[in-house]
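Residue numbering restarts at 1 for every chain, and letters A, B, ... go by the order of the sequence lines.
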Protein chains: 2
Amino acid sequence: MPIILKSMVTLSEENYLKAIYHLGKQGVNAVSTNAIAEKMDTKASSVTDMIKKLAEKNLVNYIKYQGVSLTKEGRLTAASVVRKHRLWEVFLVEKLQFSWDEVHEVAEQLEHIQSKKLVNELDTFLEYPTHDPHGDPIPDKDGNITKTDKIILSQLQVNQRCMCVGVNDSSADFLKYLDKHHIALGTQIQILSKEPFDESLTIKVDDVVINISKVVANNIYVKSQTL
Amino acid sequence: MPIILKSMVTLSEENYLKAIYHLGKQGVNAVSTNAIAEKMDTKASSVTDMIKKLAEKNLVNYIKYQGVSLTKEGRLTAASVVRKHRLWEVFLVEKLQFSWDEVHEVAEQLEHIQSKKLVNELDTFLEYPTHDPHGDPIPDKDGNITKTDKIILSQLQVNQRCMCVGVNDSSADFLKYLDKHHIALGTQIQILSKEPFDESLTIKVDDVVINISKVVANNIYVKSQTL
DNA sequence: AATTATTTTTAGCCTTATCTAAAAAAATAT
DNA sequence: ATATTTTTTTAGATAAGGCTAAAAATAATT
């Protein structure tokens, strides 16, 4: 029986796998070199180099000029990194006094800590959370996520009620905007009217009426309360 | 007024500073290249290269062929890494279910996470611990440690009573040995006799009489109970 | 004091991950 | 169908951190 050594994955490789994982979840079959380069804020030539290395390690399927997709092993590795990232985000918000716009940068570092026991114990300590502070699902040990049926706020009809369950943009600027208007996970929102010209929405948040742009409405995930 | 940019210190540089910090605490003025190489499990030539870089950044004082010592800035950087290492060790033992022989490896990774807020909040969350699970002192924000008067168990006289307050060797093997004999921080120990031939000790630990070698006795720190 | 041994430094090479510039392939437009 | 644009890959360079082997400096011995 051959000894299978789980090949070492470097920090940089983990980041590439994570980028491909996120880009691939948009229902795309193969992810393009340029898309990865843009996401990673690097050059296409660097991406090609790394892709070759990942293909060599059987973490991605790669055909020249045709983009990449994750192998089963690559997907599991990426999911493990995402799992750690989101668990740490929960830790930072729930146990330390971080707000949801402060966690990303630190979680980007913590997600690379290697220790199975650490992840398992952290999961237990946090009482097995299923979602991170932005409403994103936390993959389980096998990389599976229970996807919830969330829709984009801008797709709701006038007069519908809903609850905020996530955000599509987790940038600090956007999250601070939401804080300013008292929109958080669990907040009740009602669509009062939609402006035909710019598709901005007038909504009611906790009895306060505010106006939000289409861009904002496109980045808030909600669960419809009435159908 | 000039803007002072706190120069970036890489992970590798942090590890070298930490090694010099620990080696320098033995009352030695300058730390030798070979000593660093041995501690870091690397070659002397690599150490020389790194030392030059650290000297360039004003983190160490370096005179060719005469070893290195930390500058004020270098010592503060090293102390900050040690502070993080020991705080994380407390976290792992107190909050997650790690035992004291399991924390080192993970803390070696966690000590490099960069976030002032994280360290401060962790410190608060842990209720400002002063010592790590091995009894080593945790430097404060300014790198200061309150040194306690501990002595090595082997230096006690026969019949003296004492309390275990730390260990000199934090290897997993040694810590497991202590676990096996129910010696932990706070454990009461009484010296019953000392064998002249090999300087082994017969001691009483919680009403159990055991024999420990000189090597073991040299690696247990205690606080004398009677004088 | 001169020789030997040890320590430290230098010089040159390797790997990883990045870059720029140029070449090749694929996609798009005329 | 050919020409043009865009995307992707290749080739060659660079910086960080490490190595080996050789040279230089210091320490130890006779």
For this session: Not counting sequence neighbours, list each pair that qualifies as a salt bridge (Lys or Arg N to Asp or Glu O under 4.0 Å) and has a residue in residues 122-144 of chain B.
Result: B:Arg83-B:Asp123, B:Arg86-B:Asp132
For this session: Name the residue closer to the 5' end of DNA chain C, choosing between A:Met40 and B:Ile51 according to the nucleotide with the nearest heavy atom.
Result: B:Ile51
Seminar exercise, completed: From the list A:Thr71, A:Leu54, A:Thr48, side chain to side chain contact (heavy atoms under 4.5 Å, CB included) partner of A:Tyr62 resolves to A:Thr48
Problem set entry | Option among B:Leu87, B:Ile145, B:Leu126 that satisfies the side chain to side chain contact (heavy atoms under 4.5 Å, CB included) test with B:Ile138 | B:Leu87
Length of the line joining [X]:[atom1] and [N]:[atom2], which is rounded to integer Å:
X	N	atom1	atom2	answer
B:Asp49	D:dC19	CG	P	10 Å
A:Ile36	C:dT18	CD1	P	13 Å
B:Lys52	D:dG18	NZ	C1'	14 Å
B:Ile63	D:dT26	CD1	P	11 Å
B:Leu11	C:dT16	CG	C1'	15 Å
B:Glu56	D:dA15	CD	P	15 Å

Exercise. Which residue pairs pass the side chain to side chain donor-acceptor pair (under 3.5 Å) test with at least one member in residues 143-154 of chain A, sequence neighbours excluded?
Worked result: A:Ser154-A:Asn218
Seminar exercise, completed: Residue set satisfying ring pair (Phe, Tyr, Trp, His ring centres under 6.0 Å) with B:Tyr65, at least two apart, ordered chain then number -> none
Mind checking salt bridge (Lys or Arg N to Asp or Glu O under 4.0 Å) for [X] and listing every partner two or more places apart, or none if nothing turns up?
X	answer
A:Lys18	A:Glu108, A:Glu111
A:Glu94	none
B:Lys117	A:Glu102, B:Glu121
B:Glu56	none

So does [X] get a side-chain nitrogen or oxygen closer than 4.0 Å to the phosphate oxygens (OP1/OP2) of [N]?
X	N	result
B:Asn34	C:dT8	yes
A:Ser12	C:dT18	yes
A:Tyr62	D:dT9	yes

For this session: Take nucleotides 20-28 of chain C nucleotide by nucleotide from the 5' end and write B, S or -, depending on whether a protein heavy atom sits under 4.0 Å from the base, only from the sugar-phosphate, or from neither.
Result: BB--BSS--
Exercise. So what does B:Thr33 touch, heavy atoms closer than 4.0 Å: a base, only the sugar-phosphate, or nothing?
Worked result: sugar-phosphate
Problem set entry | Residues within residues 14-22 of chain B bordering DNA chain C, heavy-atom distance below 4.0 Å | none
